[in-house]
Enquirer: 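Could you have a look at this structure, given as structure tokens, before my questions?
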Number of protein chains: 4
Amino acid sequence: MPKLGMEPIRREALVQATIAEIGDAGSLDVTVSRIARRAGVSAALAHHYFGGKEQIFLAAMRHILAQYGAGVRLALAGARTPRARLDAVIAAGFSPENFDEATIGAWLNFYVQARVVPEAGRLLRVYQRRLRSNLVHDLRPLVGDAAPDVAETLAALIDGIYIRAALGEGLPDGAAATARVARVLDRLLETGE
Amino acid sequence: MPKLGMEPIRREALVQATIAEIGDAGSLDVTVSRIARRAGVSAALAHHYFGGKEQIFLAAMRHILAQYGAGVRLALAGARTPRARLDAVIAAGFSPENFDEATIGAWLNFYVQARVVPEAGRLLRVYQRRLRSNLVHDLRPLVGDAAPDVAETLAALIDGIYIRAALGEGLPDGAAATARVARVLDRLLETGE
Amino acid sequence: MPKLGMEPIRREALVQATIAEIGDAGSLDVTVSRIARRAGVSAALAHHYFGGKEQIFLAAMRHILAQYGAGVRLALAGARTPRARLDAVIAAGFSPENFDEATIGAWLNFYVQARVVPEAGRLLRVYQRRLRSNLVHDLRPLVGDAAPDVAETLAALIDGIYIRAALGEGLPDGAAATARVARVLDRLLETGE
Amino acid sequence: MPKLGMEPIRREALVQATIAEIGDAGSLDVTVSRIARRAGVSAALAHHYFGGKEQIFLAAMRHILAQYGAGVRLALAGARTPRARLDAVIAAGFSPENFDEATIGAWLNFYVQARVVPEAGRLLRVYQRRLRSNLVHDLRPLVGDAAPDVAETLAALIDGIYIRAALGEGLPDGAAATARVARVLDRLLETGE
DNA sequence: AATGAATGAGGATTCATTCAT
DNA sequence: GATGAATGAATCCTCATTCAT
């Protein structure tokens with residue numbers, strides 16, 4: 001039965017199962033066994049591929065961050081003006097594939113993981129740095145030296161909306177979330193904050 | 001050694017130990033034993049008083065929320081104008097006793113807990129409702145019907161700053177956090193968004 | 001509040017609570033705390049009076065056996081012929097105060113206890129010896145040397161009916177139980193087995 | 001060391017160890033650890049295969065009842081007349097493999113378990129129903145409508161002898177037990193009770 | 001490549017029992 | 001006499017992880 005080239009397929013399945021399982025559980029209290037069963041493989045295989053539970057979680061984080069990154073890149077490709085690019089970056093975070101139940105739940109838990117596992121912290125910081133750098137880059141032409149500060153505000157607002165979505169309160173849909181952030185951006189741009 | 005009336009003292013000690021332990025660990029992966037040892041009692045006593053680990057966590061949440069609530073009430077007592085009251089509410093969340101390492105860490109984890117334990121979700125929602133209602137009440141005279149929307153934006157921003165503080169990134173000090181939110185509020189008020 | 005002469009009252013209450021608790025639980029898996037609470041005293045007091053859990057169980061056994069013994073003695077007092085005395089002994093075991101749910105349940109569990117705690121075994125054996133001796137004494141005039149054997153059969157039958165009552169199967173009422181044993185006795189007497 | 005197809009072997013070993021352990025202890029107060037050690041495996045494996053302590057006990061009950069049932073079936077296979085079948089049923093219960101120390105001890109404790117765990121009660125009731133039905137079936141030709149009543153008496157007598165054997169008093173050997181029941185059956189048949 | 005078998009380590013929880021008041 | 005306070009010891013159970021096949 002073991003086929004050639006199964007590894008990438010299995011890894012992908014395990015990563016997806018991990019995210020789904022975390023989403024279902026609402027926490028990182030998920031067992032490797034459950035993840036493996038959901039992916040249709042044995043727990044031993046999960047270990048074989050990833051080396052350990054922590055690595056499985058990290059792979060899931062990487063997957064989510066990569067997916068987010070790809071979304072941003074895609075959105076940026078079609079944007080011409082700084083403002084259009086800003087809107088693109090903001091919208092990307094709330095696009096359907098990043099803003100669904102399971103992903104949001106996983107995201108919240110990765111914040112926790114980032115406080116515990118150094119490598120997880122590194123991953124999350126890379127994402128944040130990239131987000132901020134994207135924002136700053138396009139804010140600079142609009143607000144000048146206030147860019148870093150405005151960027152931080154926007155980033156915090158985005159994270160806050162995410163976190164509130166994780167609680168089931170607040171907006172369940174990405175369009176409204178995007179609109180909210182965009183509106184704040186409007187105000188901050190009006191006077192150059 | 002056994003004195004009378006020890007119960008409230010032990011409970012308080014255990015709650016403090018729980019928050020500190022969660023803060024240290026960065027996650028809810030703390031054992032009752034460690035909490036108890038930190039509080040200077042046996043694990044059995046912790047169970048005796050609270051009934052179980054989950055209840056201990058809930059007690060810690062209640063403590064943190066109550067402390068926050070008291071801070072808000074205190075701050076509101078000295079504020080006269082709507083804007084002053086808004087600033088008071090915002091500042092209360094970032095006051096030193098609410099915005100220290102351990103409390104922030106515990107807070108983040110309570111967000112997770114809220115997704116898993118219904119009672120925890122209820123507690124957090126009560127806090128959010130109260131915060132929103134405070135904000136809406138004082139925004140109404142300033143922005144009219146936009147009040148709920150502005151309130152939601154402010155609440156999300158506050159939560160976002162909290163979460164980022166939990167990651168060790170962003171502002172470590174409450175004054176700056178307060179200032180950031182206040183500045184956004186300024187902009188939002190200017191045009192009555 | 002402590003009154004003089006409370007001890008016998010408390011002991012009695014604790015013994016009754018023990019039997020009731022065992023009856024409710026269906027097993028000896030009852031805690032001293034529960035027993036004490038049911039008796040309206042603290043667990044510490046139960047220990048103070050009895051010395052330990054095992055002693056509490058033994059006291060309950062003694063109580064049940066004593067109650068049974070008293071019933072037998074009372075029944076024998078009014079019986080004149082050997083057969084009447086046999087019937088009296090049989091009926092005593094199935095009288096309402098010995099054949100209620102809780103007592104039957106406790107009884108079954110004391111059989112278990114008898115295999116574990118030597119003193120419990122001794123108590124049960126004393127009861128059995130007395131029952132057998134009563135039966136033999138009155139069977140002798142009726143069946144001669146077969147008396148010990150017939151007695152053993154009757155005793156086993158009585159125990160069997162008890163045990164089956166404990167399971168909720170078979171007869172729930174003492175009159176029928178008595179009749180059953182009496183009928184068997186009739187047959188055994190007919191030919192002097 | 002891990003071979004394939006170990007599961008049934010381990011299960012069997014654990015069940016045997018459970019019966020032996022209960023027999024030794026004289027009660028259900030045996031730990032999973034001790035059972036597992038006796039079976040030569042870890043406690044974790046016992047849980048892995050059975051799911052929990054209660055299930056282990058149930059498996060042991062099922063084993064004992066199945067063994068008893070097999071013995072009855074075997075004995076019935078060689079019996080031609082109703083009376084021979086009755087004797088076979090009676091003797092089966094007291095055959096060496098059903099009437100040894102450990103099994104008797106376990107049996108008594110299963111009576112207790114039956115009062116506490118519904119599934120255990122169901123198992124025991126199935127056995128009792130089957131025994132009664134066997135007896136009634138073969139008593140009918142001999143005593144007509146009195147069959148159910150005589151069957152109940154015999155069943156109670158059998159249980160009673162069992163229980164007394166559990167106490168270490170009375171007959172330690174099955175032959176005598178069988179003879180005792182057979183003799184009572186003789187008497188009950190003489191007049192058709 | 002993949003898995004069933006197996007376990008060590010650890011944690012929540014329960015409870016009888018002790019003791020100072 | 002009576003109890004709240006407190007704990008050590010035990011036990012069930014879970015789970016990540018390893019290993020031979």
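Naming: A, B, ... by sequence-line order, numbering from 1 per chain.
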Enquirer: Rounded to the nearest 0.5 Å, how far does OH of D:Tyr49 lie from CD of D:Glu7?
Expert: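 Output value for this atom pair is 5.0 Å.
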
Enquirer: Could you give the CZ-to-P distance, from D:Phe50 to F:dC12, as a whole number of Å?
Expert: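 Computing the D:Phe50:CZ to F:dC12:P distance gives 15 Å.
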
Enquirer: Which pair of non-hydrogen atoms, one from B:Leu167 and one from A:Leu124, has the smallest distance, and what is that distance?
Expert: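 So the minimum-distance heavy-atom pair works out to CD1-CD2, 3.4 Å.
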
Enquirer: NE2 of A:His47 to NZ of A:Lys53: how many Å apart, nearest 0.5 Å?
Expert: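 Going from the NE2 atom of A:His47 to the NZ atom of A:Lys53 covers 9.0 Å.
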
Enquirer: From CG of D:Leu14 over to P of F:dC12, roughly how many Å is that when rounded to an integer?
Expert: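 Atom-to-atom, D:Leu14 to F:dC12, this comes out as 13 Å.
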
Enquirer: Taking all atoms of both residues into account, what is the closest heavy-atom pair of C:Leu14 and C:Ala36, and its distance?
Expert: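 It is CD2-CA, 4.0 Å.
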
Enquirer: Send over the distance from D:Glu12 CD to E:dA5 P, rounded to a whole Å.
Expert: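 Distance, rounded to whole Å: 16 Å.
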
Enquirer: Just jot down the ring pair (Phe, Tyr, Trp, His ring centres under 6.0 Å) partners of B:Phe50, sequence neighbours excluded, or say none.
Expert: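 Partners of B:Phe50 by the ring pair (Phe, Tyr, Trp, His ring centres under 6.0 Å) criterion come out as none, since no residue qualifies.
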
Enquirer: Check this for me: does any side-chain nitrogen of one of D:Asp24 and D:Arg34 sit under 4.0 Å from a carboxylate oxygen of the other?
Expert: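 So D:Asp24 does not pair with D:Arg34 through a salt bridge.
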
Enquirer: Rounding to a whole Å, what distance do you find between C:Phe57:CZ and E:dC15:P?
Expert: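 That distance rounds to 12 Å.
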
Enquirer: Give a yes or no answer on whether the side chain of D:Arg115 reaches the backbone of C:Ala166 with a donor-acceptor pair at less than 3.5 Å.
Expert: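 Yes; at least one donor-acceptor contact below 3.5 Å.
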
Enquirer: Ignoring backbone atoms, test whether A:Tyr49 places a side-chain nitrogen or oxygen under 4.0 Å from the OP1 or OP2 oxygen of E:dA2.
Expert: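 It does, given that an N or O in the side chain of A:Tyr49 lies less than 4.0 Å from OP1 or OP2 of E:dA2.
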
Enquirer: Below 4.0 angstrom, N of the basic side chain to O of the carboxylate: do B:Arg37 and B:Glu21 qualify?
Expert: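 So B:Arg37 does not pair with B:Glu21 through a salt bridge.
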
Enquirer: Could you tell me how far apart C:Arg34 (CZ) and E:dC15 (P) are, to the nearest whole angstrom?
Expert: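 From C:Arg34 CZ to E:dC15 P: 9 Å.
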
Enquirer: For each nucleotide in nucleotides 7-13 of chain E, reading 5' to 3', give B when a protein heavy atom comes within less than 4.0 Å of its base, S when such contact involves only the sugar-phosphate, and - otherwise.
Expert: BB--SSB

Enquirer: Without decimals, in angstroms, what is the distance between C:Arg10 CZ and F:dG1 C1'?
Expert: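 So the two atoms are 9 Å apart, to the nearest Å.
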
Enquirer: Give each stem of DNA chain F as a range with a range, requiring at least 3 consecutive Watson-Crick or G-U wobble pairs whose two distances are under 3.5 Å.
Expert: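 Counting only runs of 3 or more consecutive pairs, the stems involving DNA chain F are E:2-21 with F:2-21.
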
Enquirer: Expressed as a whole number of angstroms, how long is the span from D:Arg11:CZ to E:dG4:C1'?
Expert: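 Taking CZ of D:Arg11 and C1' of E:dG4, I get 14 Å after rounding.
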
Enquirer: Round to the nearest Å and state the distance from C:Asp29 atom CG to F:dT11 atom C1'.
Expert: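 Atom CG in C:Asp29 sits about 12 Å away from atom C1' in F:dT11.
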
Enquirer: To the closest 0.5 Å, what do you measure between CG (A:Leu65) and CG (A:Leu58)?
Expert: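 If I round to the nearest 0.5 Å, the distance is 10.5 Å.
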
